[in-house]
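Structure record follows, encoded as structure tokens.
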Amino acid sequence: MGDWAHGLLGCFDDFGTCIIAYVVPCVTFGQNAEAAGTASSCLIGGLLFLIPIVNIICWIQTRGAIREQHGIEGSLISDLLAICCCSLCALVQEAQQVKEGGGISRA
């Protein structure tokens, strides 16, 4: 099992992704969900991000799917803590992983 390509606080490693995630997080979430296979399209993922409670559930599934696809250690609890305590950093971390991994498993 591996680690994330960028740490949770590595938001500024990709400044463009960071700015987009902070200005329109629903777009970044939609892209992540589509790449992880937890939403059928970026638009659906982005819309799910705007619905309270549903967004947390979808986000946990998306983060877990990205971890699984890339062979990253972690758990439901660690995902939930990252999402609740540092949500935008978690969103950028996922986007960076998807970009660099190309959605292909490293395991």
Side-chain angles (χ1 to χ4, degrees):
M1 297 297 266
D3 290 325
W4 292 92
H6 298 268
L8 188 60
L9 300 177
C11 300
F12 296 106
D13 292 349
D14 181 352
F15 194 69
T17 300
C18 182
I19 293 299
I20 291 169
Y22 278 76
V23 175
V24 281
C26 57
V27 170
T28 304
F29 180 81
Q31 292 169 340
N32 291 349
E34 183 179 25
T38 56
S40 57
S41 71
C42 179
L43 178 64
I44 298 297
L47 291 174
L48 290 172
F49 184 80
L50 301 174
I51 304 170
I53 307 299
V54 172
N55 58 1
I56 298 293
I57 294 166
C58 291
W59 201 341
I60 290 169
Q61 291 176 339
T62 299
R63 189 168 175 87
I66 292 170
R67 274 192 308 98
E68 189 175 302
Q69 289 172 0
H70 297 276
I72 298 170
E73 291 182 41
S75 66
L76 175 71
I77 300 299
S78 66
D79 291 343
L80 186 58
L81 285 172
I83 290 166
C84 290
C85 296
C86 199
S87 56
L88 292 175
C89 292
L91 187 61
V92 172
Q93 182 184 45
E94 296 158 18
Q96 290 172 337
Q97 188 70 39
V98 167
K99 273 186 177 180
E100 290 187 13
I104 300 169
S105 175
R106 294 182 183 177

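Side chains included, hydrogens not; waters and symmetry mates left out as well; all remaining heavy atoms used.
Across all their heavy atoms, Tyr22 and Pro25 have their closest contact at O-CD, 4.2 Å. Listed here is the closest heavy atom pair of Gln93 and Leu8: NE2-N, 3.3 Å. Closest approach of Ala82 and Ala90 over heavy atoms only: O-CB, 3.9 Å. Smallest separation of non-hydrogen atoms from Cys11 and Cys89: SG-SG, 3.0 Å. For the pair Ala5 and Glu100, the tightest heavy-atom approach, listed with the atom from each and the gap, is CB-OE1, 3.4 Å. Annotation for Arg63 and Asp79: closest pair NE-OD1, 3.4 Å, computed over non-hydrogen atoms.
Ile57 and Leu76 are not part of a single hydrophobic cluster, where members link through side-chain heavy atoms under 4.5 Å apart. Taken together through direct or relayed side-chain contacts under 4.5 Å among Ile, Leu, Val, Met, Phe, Trp and Tyr, Ile60 and Val92 form part of one hydrophobic cluster. The cluster map of Ile, Leu, Val, Met, Phe, Trp and Tyr, joined by side-chain heavy atoms under 4.5 Å apart, puts Leu91 and Ile51 in different clusters. Side-chain heavy atoms closer than 4.5 Å link hydrophobic residues (I, L, V, M, F, W, Y) into clusters, and following such links, possibly through other members, connects Val24 to Phe15. A continuous path of Ile, Leu, Val, Met, Phe, Trp and Tyr side chains, each step under 4.5 Å between heavy atoms, connects Leu88 with Ile83, placing both in one hydrophobic cluster.
Here Leu47 contributes atom CG and Cys58 contributes atom SG; the two are 11.0 Å apart, rounded to the nearest 0.5 Å. Rounded to the nearest 0.5 Å, atoms OG (Ser41) and CG (Leu43) are 5.0 Å apart. Here NZ of Lys99 is found 2.5 Å from OG1 of Thr17. Values are rounded to the nearest 0.5 Å. Considering CD of Gln61 and CD of Glu68, their distance stands at 12.0 Å, rounded to 0.5 Å. Ser75 contributes atom OG, which lies 8.0 Å from atom CG of Leu81 (distance to the nearest 0.5 angstrom). Taken to the nearest 0.5 Å, the CD1 atom of Ile19 stands 11.0 Å off from the OG1 atom of Thr28.
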Stepwise side chain to side chain contact (heavy atoms under 4.5 Å, CB included) check, Gln31 with Val98:
CA-CA 9 Å; Gln31 292 169 340; Val98 167; over 6 Å; no

Does the side chain to side chain contact (heavy atoms under 4.5 Å, CB included) test come out yes or no for Cys26 and Asn55, once each step is laid out?
CA-CA 10 Å; Cys26 57; Asn55 58 1; over 6 Å; no

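Of the possible polar contacts, none joining the Asn32 side chain to the Gly30 backbone as a donor-acceptor pair under 3.5 Å is found. Gln97 places no side-chain N or O within donor-acceptor distance of the main-chain N or O of Ile72, the cut-off being under 3.5 Å.
Relative orientation of the Phe29 and Trp59 rings is perpendicular, given thresholds of 30° and 60° on the angle between their planes.
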